Amino acid sequence: MTSLRLPGLIDPHVHLREPGATYKEDFDTGTAAALAGGFTCVLDMPNNQPPITDVATLQAKQAAACAKARCDYGLYLGAGVDNILTAAALADRVVGLKCYLDQTFGPLRLDTLEALVQHAERWPRERPLLVHAEGRSMAAAILVAQLTGARLHICHVSRAEEIDLIRRARDKGLTVTCEATPHHLFLTAADAATIGAGRSEVRPRLADARDRAALRAHLALIDCFATDHAPHTTAEKDSANPPPGFPGLETALPLYLELVREGLLTLDELLARTVYNPQRIFNLPEQPNTWIEVDTEAEWVVRGAELYTRARWSPFEGWRLRGRVLRVVLRGRLAYENGNVLAPPGSGRDVRAATDANSLTSGEECKDR
Ligand code: NCD
Ligand code: ZN
């Protein structure tokens, strides 16, 4: 056995579905899946029902997370056409502002260029402005960030033309950061034949082998790895109208380690993308006395039914993966060991709690909100 001690991983892009769709996932099951996958901190997206766009919706979500999360977390705010001033005023309580420039799951969509420019102008410079922006939308987002000085972070880059655009922006000295998902690094549209048509629906869509090769060839440009853990039930995925999204928290680390085994990254470069760059880009506090222990050689077969995510399926079903989390210690307490999640609901902390007197930290306090 090759046991390796690593810092707790950070996933900067998850959808834990609370409030509004807790039958798909909630802060309890989603953070259990995170710990099982070796993540001690997850940053949760705002495309909930209702979307997280103002103080009332943010407080409701903070209360749910505070009461139920088993690992640390940060929350994003969503950009709409009518919350430009409200969003900027809430910047200190969240880890970033998410702008959906393309169609995806949920109602949150920033349709006008004017609203994007206004958010980019108002949102504090030192905080990241995240975009779901594919193809031409990505080009627009890069220009708007350049013109306004906003700190742009591009979510889930998936295509050759997109990573090429980011390379060109970097070559010109623009400070744009980006992330890539395990599914875009390991799957292509051709895998729909085995995954199933509805189950393989995801945004951005699975691309072709050339796109996947371009991402793998340009890992140096990719600042973070992010699962975009987006659980939906198997009934929904197998229906006539399948929603896009994959669960990913429990299969990510062995896939990331595969990139190291393939010689595409060093272990230090992997840790930059899963710990240190996310810490820096999203202004996250260090997690003291926090680490994970991984058996890098342990092989296991992905079985959706055995996962902690409430979705209980995986696009990597049946894959033989190498690398298993043995133990997770979060702030000095054993949080996960040999398949068992030990951290109770409510033990996770909001990464903005220390800077925000309004963020609560214990299960009891959460109820008073
Ligand atoms: C996400 C979801 O289901 O919330 N779906 C997806 O396919 N990635 C939305 C998103 O991240 O765009
Ligand atoms: Zn997402």
Side-chain angles (χ1 to χ4, degrees), residues 10-27 29-30 33-34 39 42-53 61 73-80 95-111 128-135 137-138 141 153-159 162 178-187 189 191-192 195-207 224-237 239 241-249 251-252 278 282 309-311 313-315:
I10 299 169
D11 190 340
H13 188 150
V14 302
H15 301 262
L16 302 190
R17 304 299 190 206
E18 186 159 3
T22 51
Y23 69 94
K24 295 178 198 265
E25 194 83 287
D26 65 7
F27 279 106
T29 56
F39 295 92
V42 293
L43 307 185
D44 189 57
M45 286 293 164
N47 63 333
N48 297 98
Q49 206 59 265
I52 311 307
T53 52
K61 187 167 182 174
Y73 57 89
L75 306 179
Y76 290 108
L77 209 59
V95 286
L97 179 68
K98 178 74 181 283
C99 305
Y100 288 92
L101 305 190
D102 296 303
Q103 194 59 57
T104 181
F105 180 70
L108 208 51
R109 168 113 192 242
L110 204 53
D111 276 321
L129 186 87
L130 289 83
V131 287
H132 178 137
E134 302 179 38
S137 309
M138 181 182 294
H153 178 79
I154 299 175
C155 296
H156 39 49
V157 177
S158 65
R159 310 195 84 99
E162 295 169 352
C178 70
E179 67 190 32
T181 69
H183 47 276
H184 292 117
L185 289 164
F186 281 89
L187 301 174
D191 290 301
I195 300 169
R199 293 200 189 191
S200 64
E201 281 292 339
V202 68
R203 296 295 175 276
R205 288 188 166 82
L206 293 179
C224 306
F225 290 151
T227 64
D228 192 8
H229 178 85
H232 299 284
T233 66
T234 50
E236 290 169 331
K237 295 294 282 183
S239 74
N241 194 14
F246 294 161
L249 282 164
T251 46
F282 300 96
T309 175
R310 189 161 281 154
W313 72 277
S314 166

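For ligands, and for the atoms within them, numbers begin at 1 and follow the listed sequence. Because only heavy atoms are used, hydrogens play no part in the values below, and waters and symmetry mates are left out as well, while side chains stay in. If you're wondering where the values come from, they're calculated on a predicted model, not measured in any experiment.
No donor-acceptor pair closer than 3.5 Å links the side chain of Lys98 to the backbone N or O of Val131. Asn48 places no side-chain N or O within donor-acceptor distance of the main-chain N or O of Gly20, the cut-off being under 3.5 Å.
Close approach of ligand 1 to His13 is summarised as follows: ligand atoms under 4.0 Å from at least one heavy atom of the residue are 11 (O). Shown in contact with Asp228 at under 4.0 Å from a heavy atom are these atoms of ligand 1, numbered in order with element: 8 (N), 11 (O). Using a 4.0 Å cut-off to heavy atoms of Val202, the atoms of ligand 1 that qualify are 7 (O).
The residue from His15, Arg203, His232 that puts a heavy atom closest to atom 11 (O) of ligand 1 is His15.
If you check the side chains of Thr29 and Glu25, you find a donor sitting under 3.5 Å from an acceptor. Side-chain polar atoms of Asp102 and Ser137 form a donor-acceptor pair below 3.5 angstrom.
In terms of polar-atom proximity, Ala230 is not counted as a contact of ligand 1, lacking any N or O under 3.5 Å from an N or O of the ligand. Taking any N or O of His132, backbone or side chain, at least one lies under 3.5 Å from an N or O belonging to ligand 1.
From the protein, the heavy atom lying nearest to atom 5 (N) of ligand 1 is Pro244 O, 3.1 Å. Atom 3 (O) of ligand 1 has its closest protein heavy atom at Arg17 NH2, 2.8 Å. The protein non-hydrogen atom at the shortest distance from atom 10 (C) of ligand 1 is Thr104 OG1, 3.3 Å.
Taking the six-membered ring where tryptophan is involved, the planes of Phe27 and Tyr73 are tilted, since the angle between them lies from 30° to 60°.
One finds the NE2 atom of His13 at 10.0 Å from the CG atom of Leu43 (value rounded to the nearest 0.5 Å). One distance of note links CG of Leu129 with SG of Cys99; it measures 4.0 Å at 0.5 Å rounding.
At least one N, O or S atom of His13, from either the backbone or the side chain, sits less than 2.8 Å from the Zn ion (ligand 2). Residue contacts to the Zn ion (ligand 2): His15 brings an N, O or S atom closer than 2.8 Å.
Nearest N/O/S atom of Asp228 relative to the Zn ion (ligand 2): this is OD1.
For the side-chain hydrogen bond (donor to acceptor under 3.5 Å, both in side chains) criterion with Asp44, the lone passing option out of His229, Lys61, His15 is Lys61.
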